[in-house]
Every structure is written in C-alpha cells, then in structure tokens.
**Student:** 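One structure, pasted below without further comment.
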Amino acid sequence: MMNVENIYKEAGALLEGHFILSSGNHSNRYLQSAKVLEDTSRAEILAKALAKEIIDSKIKVDTICAPALGGILAGYELARALSIRSIFVERKEGVMELRRGFEIKKGEKVLICEDIITTGGSAMEASKAIEALGGKVVGFASLANRGFCQRVGSDSKAKSECKLPSDKPLFALDDFEFEMYSPDECPMCKDGSKAIKPGSRA
Ligand code: ZN
C-alpha cells in the first residue's frame, strides 16, 4: 500500500505553516495539488494507483472529464492509465461548458476527475454540463480527498458540505483532513503569526 501523504510531502505539495484556505478558514496545513504532478513519473504512479481502484470496482467508464484548470493533468493521467478518452470542461462567463470540439455521445459513461475534491463544487458543475449533453456520469475521482465527501474504501463519512451525490462513487487515493479554525478562533493568529494564502504566491 503506497503512502500517499509521504508522496505529497516529498513533492512539496503538502505544506505546513499558517494558511488561509479558500473557505476563509485558517489551517496549519495546505495542499498545493499542482506540485505533486510536476514530476511526471510521480503523476503516473498516482494515476495508476487510482486507475486500479476504478478497475477493481468493476465500474464501466468510457471517458474521463476534468473541470479546468485544476483537474486537467490528473484527468489526463488517469485516462492514460485506463487507456480511455480524456476531455475537459471549462468555465465560460461563469458556466462550465464542453468546448474545443469535444463531443459526448448519448449514454457515454463519464467519470469526472479532479486533482483534489474539497466539497466537490466544480466536479458537480462538470457533471451537470456532461449530463446536459446526454452523457451519463458514473462517478467521481480525485487524487486527494479533503474529507468532506466520502471516498470508496474510507470509513470517514460525508459531511454536510459535500456537494457530490451519495449514490455515485468517489474514488480517491487518500483523505487529507486538516484542522480548521475560523480567523477569530485560530490559535496561530492568537500566537501572533500571520496567515498566508499559498495559492496566490508566486
Ligand atoms: Zn490564523
């Protein structure tokens, strides 16, 4: 069994410090998912492990679709590991759309893939875009799961923030559940440390 957390740490993708999450809450840990995919052999190892979970589940998938931008690399690597088609949807004026000549056949079985699932908001938008075109979304996948949604094989139950449907599987390599604090109650702020937004750093 591979140690996904160690792989993220070695890649510099799991940061430790004092961070502002996209929710506005503070945490002492942060996942910089893109960093784990900059090493192409590491990306391949992770995608193959995720592909194995999907194959073992016996679920039938024709196509992987990722929401741009964050999901594209993970989606492409996963599709390559499964030897199936890889497409992506992207936001145009705030709405997720299939563009660039990509097409979906009626009833085509699509798995939505992200690099990381937090509450699953973007993945759900991608799912709606695919189903509006006649595709059938059979499940979701991501390298990392932040622990709001329940992944296949984990005892950690879905929380109320999870936007993914409970009747479709989420395949992910590991749960990354972090301590989170509202800014007024953050112990690191109380110690005088200043939180940073890692996503916006150069
Ligand atoms: Zn803080």
**Student:** Establish, yes or no, whether a centroid distance under 6.0 Å links the rings of F178 and Y30.
**Tutor:**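 For F178 and Y30, the ring centres are not under 6.0 Å apart.
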
**Student:** Are V36 and L69 in one and the same hydrophobic cluster, where Ile, Leu, Val, Met, Phe, Trp and Tyr link if side-chain heavy atoms are under 4.5 Å apart?
**Tutor:**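 Cluster IDs for V36 and L69 differ.
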
**Student:** Does L14 form a side chain to side chain contact (heavy atoms under 4.5 Å, CB included) with E5? I'd like the steps, not just the answer.
**Tutor:** CA-CA 8 Å; L14 178 56; E5 184 170 317; 3.6 Å; yes

**Student:** Would one find more than 12 heavy atoms of other residues, nucleotides or ligands at under 6.0 Å from atom CG of D155?
**Tutor:**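 Not more than 12 within 6.0 Å, no.
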
**Student:** Nearest 0.5 Å please: distance from the CG atom of L164 over to the CG atom of D167.
**Tutor:**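 If I round to the nearest 0.5 Å, the distance is 10.5 Å.
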
**Student:** To the nearest 0.5 Å, tell me how far C189 SG sits from H18 NE2.
**Tutor:**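 Between atom SG of C189 and atom NE2 of H18 there are 3.5 Å.
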
**Student:** Between F88 and Y76, does a ring pair (Phe, Tyr, Trp, His ring centres under 6.0 Å) hold up when you go through it step by step?
**Tutor:** CA-CA 9 Å; F88 58 88; Y76 179 84; over 10 Å; no

**Student:** Quick one: does K194's side chain get under 4.5 Å of M188's, heavy atoms only?
**Tutor:**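 No, too far: nothing below the 4.5 Å cut-off.
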
**Student:** Does the side chain of S27 come within less than 4.5 Å of Y181's, by heavy atoms?
**Tutor:**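 No - every pair of side-chain heavy atoms lies 4.5 Å or more apart.
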
**Student:** We want to know whether D184 and S182 form a side-chain donor-acceptor pair, criterion being a heavy-atom distance below 3.5 angstrom.
**Tutor:**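 Looking only at side-chain atoms, S182 and D184 do not form any donor-acceptor pair under 3.5 Å.
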
**Student:** Charged N to carboxylate O below 4.0 Å: is that the case for E125 and K128?
**Tutor:**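 A salt bridge is absent here (no side-chain N lies under 4.0 Å from a carboxylate O).
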
**Student:** Working to the nearest 0.5 Å, report the span between CZ of F19 and NE2 of H26.
**Tutor:**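 Rounded to the nearest 0.5 Å, the CZ-NE2 separation comes out at 12.0 Å.
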
**Student:** Using a cut-off of 6.0 Å, state whether more than 12 heavy atoms not belonging to K159 lie near its atom NZ.
**Tutor:**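 Counting other residues, nucleotides and ligands, NZ of K159 exceeds 12 neighbours.
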
**Student:** If we ignore hydrogens and angles and just use 3.5 Å, is the side chain of E53 paired with the main-chain N or O of S57 as donor and acceptor?
**Tutor:**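 Answer holds: no.
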
**Student:** Got a sec: does the NZ of K52 have more than 12 other heavy atoms crowding it under 6.0 Å?
**Tutor:**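 Counting neighbours around NZ of K52, 12 or fewer heavy atoms of other residues, nucleotides or ligands fall under 6.0 Å, so no.
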
**Student:** Any chain of hydrophobic side-chain contacts (each under 4.5 Å) joining V89 to L73?
**Tutor:**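 Unlinked, V89 and L73 end up in two clusters.
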
**Student:** Would you say the side chains of S156 and D175 form a donor-acceptor pair under 3.5 Å?
**Tutor:**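 On atom types as modelled, these side chains do not qualify, holding no pair under 3.5 Å.
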
**Student:** For residues G24 and P183, report the shortest heavy-atom separation together with the two atoms involved.
**Tutor:**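 Nearest pair, atom of G24 first, then P183: O-CG, 3.6 Å.
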
**Student:** At what distance, to the nearest 0.5 angstrom, does CD of E44 lie from CG of D39?
**Tutor:**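 It is 10.5 Å, given to the nearest 0.5 Å.
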
**Student:** Taking all atoms of both residues into account, what is the closest heavy-atom pair of M2 and A49, and its distance?
**Tutor:**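 In this case the closest contact between M2 and A49 is CE-CB, 3.0 Å.
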
**Student:** Are R146 and I116 close enough that some pair of their side-chain heavy atoms sits under 4.5 Å apart?
**Tutor:**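 A side-chain contact under 4.5 Å exists here.
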
**Student:** Which value, rounded to the nearest 0.5 Å, describes the distance between K9 atom NZ and L15 atom CG?
**Tutor:**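 Interatomic distance, K9 NZ to L15 CG, rounded to 0.5 Å: 11.5 Å.
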
**Student:** Determine, stepwise, if the pair R42 / E77 fulfils salt bridge (charged side-chain N to carboxylate O under 4.0 Å, His left out).
**Tutor:** CA-CA 11 Å; R42 188 178 271 138; E77 278 294 334; over 6 Å; no

**Student:** Should I196 and I20 be marked as a side chain to side chain contact (heavy atoms under 4.5 Å, CB included) after you check the CA-CA gap, both sets of side-chain angles, and the distance that decides it?
**Tutor:** CA-CA 6 Å; I196 57 161; I20 306 173; over 6 Å; no

**Student:** Do the side chain of E114 and the main chain of G120 share a donor and acceptor less than 3.5 angstrom apart?
**Tutor:**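 Looks like no, no N/O pair under 3.5 Å.
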
**Student:** Looking at every non-hydrogen atom in both residues, tell me the closest pair between Q32 and P198 and how far apart they are.
**Tutor:**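 Closest pair (atom of Q32, atom of P198, distance): NE2-O, 3.5 Å.
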
**Student:** Donor-acceptor pair, D115 side chain versus A74 backbone, under 3.5 Å?
**Tutor:**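 No, D115 side chain to A74 backbone: no donor-acceptor pair under 3.5 Å.
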
**Student:** Are I104 and V110 side-chain neighbours, meaning at least one heavy-atom pair lies under 4.5 Å?
**Tutor:**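 With C-beta onward as the side chain, the pair touches.
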
**Student:** Which residue pairs pass the disulfide bond (SG atoms under 2.5 Å apart) test when at least one of the two sits in residues 34-133, sequence neighbours left out?
**Tutor:**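 Checked against disulfide bond (SG atoms under 2.5 Å apart) - neighbours excluded - no pair reaches residues 34-133.
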
**Student:** Classify the angle between the aromatic ring planes of Y8 and F176 as parallel (below 30°), tilted (30 to 60°) or perpendicular (above 60°).
**Tutor:**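 Y8 and F176: tilted rings.
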
**Student:** Can you tell me how far CE of M124 sits from CD of E131, rounded to the nearest 0.5 angstrom?
**Tutor:**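 Rounded to the nearest 0.5 Å, the CD-CE separation comes to 7.5 Å.
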
**Student:** Side chains of E90 and M96: does their closest heavy-atom pair fall under 4.5 Å?
**Tutor:**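 SC-SC contact between E90 and M96 ruled out.
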
**Student:** Hey, are the side chains of K60 and V138 touching, using non-hydrogen atoms and a 4.5 Å cut-off?
**Tutor:**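 A side-chain contact is absent here, since even the closest heavy-atom pair is not under 4.5 Å.
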
**Student:** Using side-chain heavy atoms (C-beta onward) and a distance below 4.5 Å, is Q150 in contact with L170?
**Tutor:**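 Not in contact.
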
**Student:** A cation-pi test, strictly: NZ or CZ of R151 under 6.0 Å from the centre of the six-membered ring of F171 and no more than 45 degrees from its axis. Yes or no?
**Tutor:**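 Here R151 fails the 6.0 Å and 45° test against F171.
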
**Student:** Looking at E161, I want to see if its CD is surrounded by more than 12 non-hydrogen atoms of other residues, nucleotides or ligands under 6.0 Å.
**Tutor:**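 Atom CD in E161 is packed in, count exceeds 12.
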
**Student:** If only side-chain N and O atoms count, and only distance matters, is there a donor-acceptor pair under 3.5 Å linking T63 with E108?
**Tutor:**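 Yes, a side-chain donor-acceptor pair sits under 3.5 Å.
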
**Student:** Do the charged groups of K190 and E185 touch, with an N to O distance under 4.0 Å?
**Tutor:**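 Between E185 and K190 there is no salt bridge, as every charged N stays at least 4.0 Å from the carboxylate O atoms.
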
**Student:** Donor-acceptor pair, K106 side chain versus G135 backbone, under 3.5 Å?
**Tutor:**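 The answer is no, because no donor-acceptor pair under 3.5 Å joins these two groups.
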
**Student:** Identify whether I64 and L46 are in the same connected component of the hydrophobic contact network (ILVMFWY, side-chain heavy atoms under 4.5 Å).
**Tutor:**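 Hydrophobic grouping puts I64 with L46.
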
**Student:** Search all heavy atoms of R85 against all heavy atoms of A79 and return the closest pair with its distance.
**Tutor:**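 Here R85 and A79 meet closest at O-CB, 3.7 Å.
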
**Student:** Can you tell if the side chain of D62 reaches within under 4.5 Å of the side chain of I84, non-hydrogen atoms only?
**Tutor:**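 No, side chains not in contact.
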
**Student:** Closest heavy-atom contact between A66 and G75?
**Tutor:**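 Nearest heavy atoms, A66 then G75: CB-CA, 4.3 Å.
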
**Student:** Do L78 and F102 sit in the same hydrophobic cluster, where Ile, Leu, Val, Met, Phe, Trp and Tyr count as joined when their side-chain heavy atoms come under 4.5 Å apart?
**Tutor:**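 Hydrophobic grouping puts L78 apart from F102.
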
**Student:** Kindly write out the residues that satisfy disulfide (SG to SG under 2.5 Å) with C162, not counting sequence neighbours, or none if the list is empty.
**Tutor:**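 For C162, the residues satisfying disulfide (SG to SG under 2.5 Å) (neighbours in sequence not counted) are C149.
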
**Student:** Has the side chain of D191 got a donor or acceptor atom that lies under 3.5 Å from a matching backbone atom of S193?
**Tutor:**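 Flag not set: sc D191 to bb S193 has no pair under 3.5 Å.
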
**Student:** Would you say F148 and L21 are hydrophobically clustered, going by side-chain heavy atoms of ILVMFWY under 4.5 Å?
**Tutor:**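 Same cluster.
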
